[in-house]
Amino acid sequence: MTVRTRFAPSPTGFLHVGGARTALFCYLFARRHGGQFVLRIEDTDLERSTAESVNAILEGMSWLGLDYDEGPFYQTDRFERYNAVIDELLDKGLAYRCDCPKERLDRIRDMQMAAKLKPRYDGHCRSRHVDPEQPHVVRFRNPVDGAVVVDDMIRGRIPFANEELDDLILRRTDGSPTYNLTVVVDDADMGITHVIRGDDHVNNTPRQMNILAALGKEPPRYAHVPMILGPDGTRLSKRHGAVSVISYRDQGYLPEALINYLVRLGWSHGDQEVFSLDDLIELFDITDVNKAASTFNTDKLDWLNQHYIQHGDPKRIARLLSPQLGHLDIDPAGGPDPVDVVQAQAARAKTLVELAEISAFCYRDFDDYDPAAAKKHLRPVARQPLERLRAELDMLALDDWRDEELHRVVERVAEELELNMGKVAQPLRVAVVGRAASPGIDVTLRLVGKEAVLRRIDRALAYIAKREAAG
RNA sequence: GCUCCCUUCGUCUAGUGGUUAGGACGUCGGCCUCUCACGCCGGUAACAGGGGUUCGAAUCCCCUAGGGAGCGCCA
């Protein structure tokens with residue numbers, strides 16, 4: 001039997017990190033076992049499902065690299081099939097028509113709540129005849145006694161007494177099928193062998209198993225993965241800020257960093273922290289997933305992202321950096337090769353957005369000096385070193401505008417003036433970058449280029465002169 | 001309220017009867033150093049509480065507390 005898993009989101013919003021992790025687990029489990037991963041869009045809620053959401057989900061999955069082998073299948077394309085199954089259940093007496101009005105349902109619910117009971121349908125129409133021509137819903141005839149046990153791959157055996165389960169609606173008054181029916185039919189029809197989903201579905205599982213049994217089908221194996229909580233310990237939602245995977249892309253995160261972070265939320269392999277997708281396909285075991293919910297924490301994601309920026313292929317990082325430079329109105333064609341910039345800056349940025357920001361000086365003059373840096377380094381004492389540096393750098397041929405030569409120039413000026421490297425390099429850095437932080441001074445000069453370096457030194461000298469004049 | 005689930009450093013986790021309770025992120029300190037990072041070294045910090053079982057419990061059982069999910073003609 002080949003393993004088949006599915007990710008079955010309802011298109012009522014973007015792909016959030018919780019869903020992405022569920023999809024990742026489904027994907028990894030299938031890949032690990034040489035099986036197939038199916039994508040199914042559960043759009044039976046006509047009111048809330050949107051095409052934009054479908055696109056957002058597809059975009060998120062594709063960005064993360066979670067390729068599916070089949071689908072996307074849309075449940076709205078399969079209403080005929082669901083209705084045939086419901087009719088079959090009706091014929092066999094395993095389902096029945098119910099015309100209880102909303103008011104009656106509300107009333108018994110209130111009474112049950114008042115009596116400290118779990119609200120549920122009381123089976124009023126179980127043995128009544130309801131005219132098929134009149135408005136009605138179809139309910140599943142759930143077994144009244146015995147128990148159904150969910151044998152979960154993560155949680156172990158969870159028994160549910162049938163008397164806790166009521167007769168759920170399979171078909172609405174408008175004729176559309178409901179979630180619990182469509183899932184069961186689809187999973188069976190699509191040959192899904194392993195259902196991996198959020199643990200907010202555990203309570204649905206015994207109901208679905210009962211429907212499956214009524215249809216004479218073997219249930220799949222189930223694995224309910226724990227939820228992801230926000231920093232405040234409640235279920236992750238929009239009010240926790242960025243939860244859409246696409247927003248992480250836009251904030252400059254690498255997909256491999258998000259994947260790595262997400263997989264370690266609830267799963268581990270000894271002390272290993274860094275995993276490539278290939279590592280995961282080889283090592284992932286659903287039974288190693290934790291039972292407890294975990295909290296989404298950006299610090300570790302930042303660390304992983306920094307790691308992947310630093311250790312990833314500079315050419316690829318540079319390619320991903322380009323759009324971020326574009327957001328700053330920078331055209332990389334007018335300056336150093338972005339690959340060189342990435343190599344110089346990769347250790348300094350947690351995100352691609354940050355990488356673009358701290359690298360802008362390579363492509364254009366900065367607006368203002370960082371006040372603290374200017375105050376500390378662009379003082380009258382810096383005038384002489386800067387003048388000497390300007391002269392020496394001016395004499396350096398363009399062919400010699402290389403790290404080694406640039407480093408020698410700065411070193412020589414420091415020696416001649418009997419100053420520490422810092423007393424020379426820092427004013428120069430602030431003059432050229434506008435801030436007190438940048439790659440090594442030689443690399444910094446190389447990236448900025450001779451023309452801009454000389455221009456910016458002049459600007460710094462003017463700044464110092466003005467400051468001197470002001471007293 | 002009822003049903004189900006969960007509980008190890010601040011966070012993510014290792015741990016399946018005998019460990020100085022390990023790692024990672026964060027944080028703090030140091031080294032490196034022309035700056036900022038990176039890197040390296042070191043410190044800080046946890047078994048929710050209470051009862052059992054056992055020679056011995058983070059590990060097994062029970063209770064309590066806390067947290068989560070579900071109880072829709074949503075999925």
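Quick note on labels: first sequence line is chain A, next is B, and so on, each numbered from 1. The figures that follow rest on heavy atoms only: side chains count, while hydrogens, waters and symmetry mates do not.
Shown here are the salt bridge (charged side-chain N to carboxylate O under 4.0 Å, His left out) partners of Lys350(A), two or more places apart in sequence or in another chain: there are none.
Within the nucleic acid shown, Gly266(A) comes within 4.0 Å of sugar-phosphate atoms alone, with no base atom in reach, counting heavy atoms only. Within 4.0 Å of Glu411(A), counting heavy atoms only, lies no atom of the nucleic acid at all. At the heavy-atom level, Asn204(A) lies under 4.0 Å from base atoms of the strands shown. Residue contacts for Asn297(A): at a heavy-atom cut-off of 4.0 Å it reaches the sugar-phosphate backbone alone, with no base atom in range. Among the protein residues, Thr173(A) comes within range of the nucleic acid bases, having at least one heavy atom under 4.0 Å from a base atom.
Residue Pro11(A) comes nearest to Ser53(A) through the heavy atom pair O-CB, 3.2 Å, listed as atom of the first residue, atom of the second, then distance.
Judged by Watson-Crick or G-U wobble contacts below 3.5 Å, the nucleotide A24(B) has U11(B) as its partner. If you check A46(B) for Watson-Crick or wobble pairing at under 3.5 angstrom, you find it has no partner at all. Taking a pair to require two hydrogen-bonding distances under 3.5 Å in either a Watson-Crick or a G-U wobble arrangement, C40(B) pairs with G30(B).
Look at Thr444(A) and you won't find any side-chain N or O under 4.0 angstrom from OP1 or OP2 of U35(B). Applying the 4.0 Å criterion to OP1 and OP2 of A75(B), one finds that Thr44(A) has a side-chain N or O inside that range. Contact annotation: Thr295(A) reaches the phosphate of C12(B) (side-chain N/O to OP1 or OP2, under 4.0 Å). At the phosphate of U11(B), neither OP1 nor OP2 sits under 4.0 Å from any side-chain N or O atom of Arg264(A).
Nearest-nucleotide mapping onto RNA chain B: of Pro439(A) and Ala115(A), the residue sitting toward the 5' end is Ala115(A).
Between C40(B) and U53(B), the two P atoms lie 50 Å apart (nearest whole Å). Spacing between G66(B) and A48(B) at atom C1', rounded to whole Å, works out to 8 Å. Taking the C1' atoms as reference points, G26(B) lies 26 Å from U19(B), given to the whole Å.
With hydrogens and angles ignored, no donor-acceptor pair closer than 3.5 Å exists between the side chain of Gln272(A) and the base of G23(B). Side chain Lys291(A) to base C6(B): no donor-acceptor pair is found below 3.5 Å. Side chain Asp200(A) to base A75(B): no donor-acceptor pair is found below 3.5 Å.
RNA chain B is contacted by Arg429(A), Ala436(A), Ala437(A), Ser438(A) of residues 427-438 of chain A, taking any non-hydrogen atom closer than 4.0 Å.
Taking the ring centroids of His194(A) and Phe25(A), they lie at or beyond the 6.0 Å cut-off.
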